[in-house]
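Structure first, then comments.
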Amino acid sequence: MQLFVTGTGTGVGKTRFTTQWVRHWRARGVSAVGLKPISAGDRDDAKELQAAAQDALSLDAINPCVFDLPLSPWVASLQPKETGRIDYDAIGASIAAARARFSHVAVEGVGGWLVPLEKKRTVADWAKELGLPVVIVGHGGLGTLNHVLLTIESVGKSGLDVAGVVLNHHLSPEGDLAARTNGAALREWTGLPVVEIAAHGALPDRGAPWLAGE
C-alpha cells in the first residue's frame with residue numbers, strides 16, 4: 001500500500017497523520033515507513049517520521065532535499081543565501097528504494113497541493129508523476145469544507161485518485177460546531193472516506209481502506 005499525503009495548506013497536520021499512519025501499521029506487524037522527500041525550514045517532520053518507523057531509514061533517505069528557509073521551494077530557491085535545491089534523481093531513488101523494501105509507504109508532500117517547487121512546476125505535477133492515490137489532510141474547523149473541496153477538485157484534474165480525507169482537530173476549539181459537523185458534511189458531499197483525528201487522539205482502526213480493519 002502506497003499513498004501520497006497532501007494538505008489543504010501548511011500546518012494542517014500532514015506529518016501528524018503520516019506518523020500516526022506509520023505507527024498504526026507497525027503496531028500490527030506491517031513494514032511501514034513515511035517519507036518527506038522535500039522539507040523547508042528544518043527537518044523536524046522528517047525526524048518524526050524516522051522515529052515513527054523506529055529508525056528503519058536514515059534521515060537522508062527520508063528527506064533527501066532540504067531548504068534552509070521556511071518558504072515554498074521555488075521561492076526559497078530564489079533567495080540569495082539559500083543553499084537547497086531539488087534533486088529529482090535523489091528523490092526518485094529514495095522513493096523507489098522504500099517502495100521496494102517496505103509494503104506500506106506514505107510519501108508526504110510539502111505544503112499544499114499547488115505549492116510551487118520550481119517555476120511552472122508544483123507539488124501536483126510531482127504527485128502526478130508518482131501516480132499514487134492521494135490522501136488529503138485538512139484542519140477540522142471552520143473553513144475546511146471549502147479548502148478540502150477545492151483540493152479534491154484539483155487532485156481530480158490531475159488525473160489522480162483521492163483515497164480519502166483526514167480532518168485533524170489539533171487546532172479545533174473546544175465545542176466547535178463546525179469541527180463537530182465537517183466530517184459528516186464531507187462524507188455526504190464527496191462520498192469519500194473521511195477519517196477524523198481528535199486533538200489528542202490517534203488514528204481510528206476503521207473508516208478507510210488504508211486503515212487496518214477494513
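None of the values given here were measured: they were computed from a predicted structure.
Residues Leu117 and Asp125 are not in side-chain contact: their nearest non-hydrogen atoms beyond the backbone lie 4.5 Å or more apart. Between Val75 and Gln79, some side-chain heavy-atom pair lies under the 4.5 Å cut-off. At a threshold of 4.5 Å between non-hydrogen side-chain atoms, the residues Ile91 and Asp87 do not count as touching. Looking only at side-chain heavy atoms (C-beta outward), Val135 and Phe4 stay at 4.5 Å or farther from each other. Taking 4.5 Å as the limit, every side-chain heavy atom of Thr8 sits out of range of all side-chain heavy atoms of Trp113. The closest side-chain heavy-atom distance from Glu48 to Ile62 is not below 4.5 Å. Between Lys81 and Asp68 there is no side-chain heavy-atom pair separated by less than 4.5 Å. Residues Val165 and Pro193 form no side-chain contact, since every pair of their non-hydrogen atoms from C-beta on lies 4.5 Å or further apart.
Heavy atoms only, all atoms of each residue included: Ala199 and Arg16 are closest at O-NH2, 2.9 Å. The two atoms that bring Pro37 and Ile95 nearest to each other are CG-CD1, 4.2 Å, heavy atoms only. When all heavy atoms of Gly141 and Asp176 are compared, the closest pair comes out as CA-OD2, 3.8 Å. Closest heavy-atom contact between His24 and Pro204: CE1-O, 3.3 Å. Residues Ala40 and Leu69 come closest through the heavy atom pair CB-O, 3.4 Å. Across all non-hydrogen atoms, the minimal contact from Ser72 to Val115 is CB-CG1, 3.8 Å.
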Practice prompt. Please report the C-alpha distance between Ser77 and Glu118 in whole Å, then the side-chain angles of each, then the deciding distance to 0.1 Å, and finally whether the side chain to side chain contact (heavy atoms under 4.5 Å, CB included) criterion is met.
Written response: CA-CA 8 Å; Ser77 71; Glu118 299 173 333; over 6 Å; no

Worksheet entry | Criterion side chain to side chain contact (heavy atoms under 4.5 Å, CB included) on Asn182 and Leu167, from CA distance to verdict | CA-CA 8 Å; Asn182 281 336; Leu167 294 182; 4.0 Å; yes

Worksheet item: Could you walk me through whether Lys14 and Thr19 pass the side chain to side chain contact (heavy atoms under 4.5 Å, CB included) check?
Response: CA-CA 9 Å; Lys14 294 189 304 298; Thr19 55; over 6 Å; no

Fill in: Worked verdict on Arg121 versus Glu129 for salt bridge (charged side-chain N to carboxylate O under 4.0 Å, His left out)
CA-CA 12 Å; Arg121 182 181 176 89; Glu129 292 172 2; 2.9 Å; yes

Discussion item. With side chain to side chain contact (heavy atoms under 4.5 Å, CB included) as the criterion, how do Val134 and Leu3 come out once you've worked through the C-alpha distance, each side chain's angles and the decisive distance to 0.1 Å?
Written reply: CA-CA 6 Å; Val134 179; Leu3 302 171; over 6 Å; no

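Hydrophobic clustering (side-chain heavy atoms under 4.5 Å, transitive across Ile, Leu, Val, Met, Phe, Trp, Tyr) keeps Leu149 apart from Val166. Residue Val137 is grouped with residue Trp25 when hydrophobic side chains (ILVMFWY) are merged at heavy-atom distances under 4.5 angstrom, including chains of intermediate members. Residues Leu192 and Leu145 are members of one and the same hydrophobic cluster, defined by side-chain heavy-atom contacts under 4.5 angstrom among Ile, Leu, Val, Met, Phe, Trp and Tyr. Hydrophobic clustering (side-chain heavy atoms under 4.5 Å, transitive across Ile, Leu, Val, Met, Phe, Trp, Tyr) groups Val162 together with Leu160. Linking Ile, Leu, Val, Met, Phe, Trp and Tyr whenever their side-chain heavy atoms come within less than 4.5 Å puts Ile38 and Leu35 in one cluster.
In terms of the side-chain hydrogen bond (donor to acceptor under 3.5 Å, both in side chains) criterion, Asp161 has no residue partners (sequence neighbours excluded). In this structure Phe67 satisfies the ring pair (Phe, Tyr, Trp, His ring centres under 6.0 Å) test with no other residue, sequence neighbours excluded.
Put simply, NZ on Lys120 and OG1 on Thr122 are 13.0 Å apart, with the number rounded to the nearest 0.5 Å. Once rounded to the nearest 0.5 Å, the distance linking CD1 of Ile152 with NE2 of His147 reads 13.0 Å. Note that the CG atom of Leu78 and the NZ atom of Lys119 stand 9.5 Å from one another [nearest 0.5 Å]. Between atom CD of residue Gln54 and atom CZ of residue Arg23 there is a gap of 9.5 Å, rounded to the nearest 0.5 Å. Between Ile136 atom CD1 and Thr144 atom OG1 the span is 10.0 Å, to the nearest 0.5 Å. Atom-to-atom distance recorded for Ile197:CD1 and Ser172:OG is 11.5 Å, nearest 0.5 angstrom.
Counting heavy-atom neighbours within 6.0 Å of Leu142 CG, excluding the residue itself, gives a total of 12 or less.
Ring planes of Trp21 and Phe17: tilted class, angle from 30 to 60°.
Using modelled atom types, one finds a donor on one side chain and an acceptor on the other under 3.5 Å when comparing Ser39 with Asn63.
Between Arg43 and Asp60 there is a salt bridge, since at least one side-chain N of the basic residue sits less than 4.0 Å from a carboxylate O of the acidic one. Using a 4.0 Å cut-off between charged side-chain N and carboxylate O, Glu196 and Arg187 make a salt bridge.
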Which donor-acceptor pairs under 3.5 Å do side chains of residues 101-111 form with protein atoms, sequence neighbours excluded?
unit_1 : atom_1 : unit_2 : atom_2 : d
Arg101 : NH1    : Ala56  : O      : 3.4
Arg101 : NH2    : Ala56  : O      : 3.3
Ser103 : OG     : Ser31  : O      : 3.3
Ser103 : OG     : Ser31  : OG     : 3.3
Glu108 : OE1    : Thr15  : OG1    : 3.1
Glu108 : OE2    : Thr15  : OG1    : 2.6
Glu108 : OE2    : Lys36  : NZ     : 2.9

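Taking the centre of each ring, Trp126 and Tyr88 stay at or above the 6.0 Å mark.
Ser94 contributes no side-chain N or O that, together with a main-chain N or O of Ala90, makes up a donor-acceptor pair within less than 3.5 Å.
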